[in-house]
Amino acid sequence: AIHGGSSYEMLYLGNLNVSAYPLEQAILKAKSGDLFISHVVYEGKIVTDKFGHIEEVFNTFVYKDSYISEKNMAADLAWYLILYSKNIDDYSMLNRRLAWCIRTMLIAEAAEAKVPVFSSSGLASFHGDKSVYDLIESKSSPMYSSDNIALMKTILLAKGYSAPDFGGDARSYFISTDNKVAVSTL
């Protein structure tokens with residue numbers, strides 16, 4: 001949603017979460033190739049836009065040449081989850097975050113190829129491995145899955161991502177790399 005305020009807002013309407021941006025911020029995000037905005041541009045449905053602001057955001061979206069920063073942040077969090085999965089009691093959160101990591105990495109890879117792919121099946125097809133579908137779809141499972149941990153590790157290694165050195169303090173590491181999703185996970 002686009003609103004007339006001056007800052008980003010997350011609106012919670014029952015089971016629906018709505019990201020609401022000021023017009024200028026949404027346009028800047030579109031011009032900078034933001035992955036969330038790309039999802040809105042390619043799969044969003046305009047419910048109402050009497051001033052044409054959403055259409056303006058859609059028309060200004062351009063892909064970045066590289067999404068390495070987004071991929072690195074997702075890979076770093078994935079490694080943290082892998083390394084410390086036995087210490088995480090909230091398996092629902094673990095599965096949601098693993099799904100976020102693999103989705104972010106694959107959506108970013110697809111964006112680098114200028115291919116808008118967001119669905120679990122589309123991302124599995126893009127990656128060429130059906131098991132990615134199962135990993136993403138386990139996001140609502142409350143069960144621990146050593147198979148998901150092993151698959152995520154295999155994918156990370158195959159893509160050349162090695163475990164970062166958290167230096168004994170993952171929170172400080174994630175703060176220093178501006179990894180807001182990882183910080184909110186700890």
* What residues form a side-chain contact (heavy atoms from CB on, under 4.5 Å) with S131, not counting sequence neighbours? ->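 side-chain contact (heavy atoms from CB on, under 4.5 Å) list for S131, sorted by chain: D129, L151.
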* Just jot down the side-chain contact (heavy atoms from CB on, under 4.5 Å) partners of V62, sequence neighbours excluded, or say none. =>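 Partners of V62 under the side-chain contact (heavy atoms from CB on, under 4.5 Å) test: none.
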* To do: Locate the shortest heavy-atom distance separating A170 from L186; write the atom from each residue and the value.
  =>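 Smallest heavy-atom distance, with atoms named: C-CD1, 4.0 Å.
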Side chains of [X] and [Y]: closer than 4.5 Å at any heavy-atom pair?
X	Y	value
I46	E55	yes
I88	L81	yes
V41	I37	yes
M73	M105	no

* When you check the side-chain N and O atoms of S120 and E137, is any donor under 3.5 Å from an acceptor? ->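 Result is yes, a qualifying pair exists.
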* To do: Using the side chain to side chain donor-acceptor pair (under 3.5 Å) rule, pick out the option among N179, D165, D76 that qualifies with Y173.
  =>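 Running side chain to side chain donor-acceptor pair (under 3.5 Å) over N179, D165, D76 with Y173 returns exactly one hit, D76.
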Donor-acceptor pair, distance only, cut-off 3.5 Å: does the side chain of [X] make one with the backbone of [Y]?
X	Y	result
S38	L35	yes
E56	I27	no
W79	Y161	yes
S138	S141	no

* To do: Return yes when atom CE of M10 has more than 12 non-hydrogen atoms of other residues, nucleotides or ligands closer than 6.0 Å, and no otherwise.
  =>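 Counting neighbours around CE of M10, more than 12 heavy atoms of other residues, nucleotides or ligands fall under 6.0 Å, so yes.
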* **Within 6.0 angstrom of Y63 OH, more than 12 heavy atoms from elsewhere** =>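 Yes, enclosed.
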* Asked: Parallel, tilted or perpendicular: which describes the rings of Y84 and Y80, with under 30° parallel and over 60° perpendicular?
  ->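 Aromatic pair Y84/Y80 classed tilted.
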* **Aromatic ring pairing F61/Y42, orientation class (parallel under 30°, perpendicular over 60°, tilted between)** =>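 The rings of F61 and Y42 stand perpendicular, inter-plane angle above 60°.
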* Looking at the rings of F166 and F174, which for Trp means the six-membered one, are their centres under 6.0 Å apart? ->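 For F166 and F174, the ring centres are under 6.0 Å apart.
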* **Carboxylate-amine/guanidinium contact E24 K29, below 4.0 Å** =>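 Salt bridge between E24 and K29, a charged N being under 4.0 Å from a carboxylate O: no.
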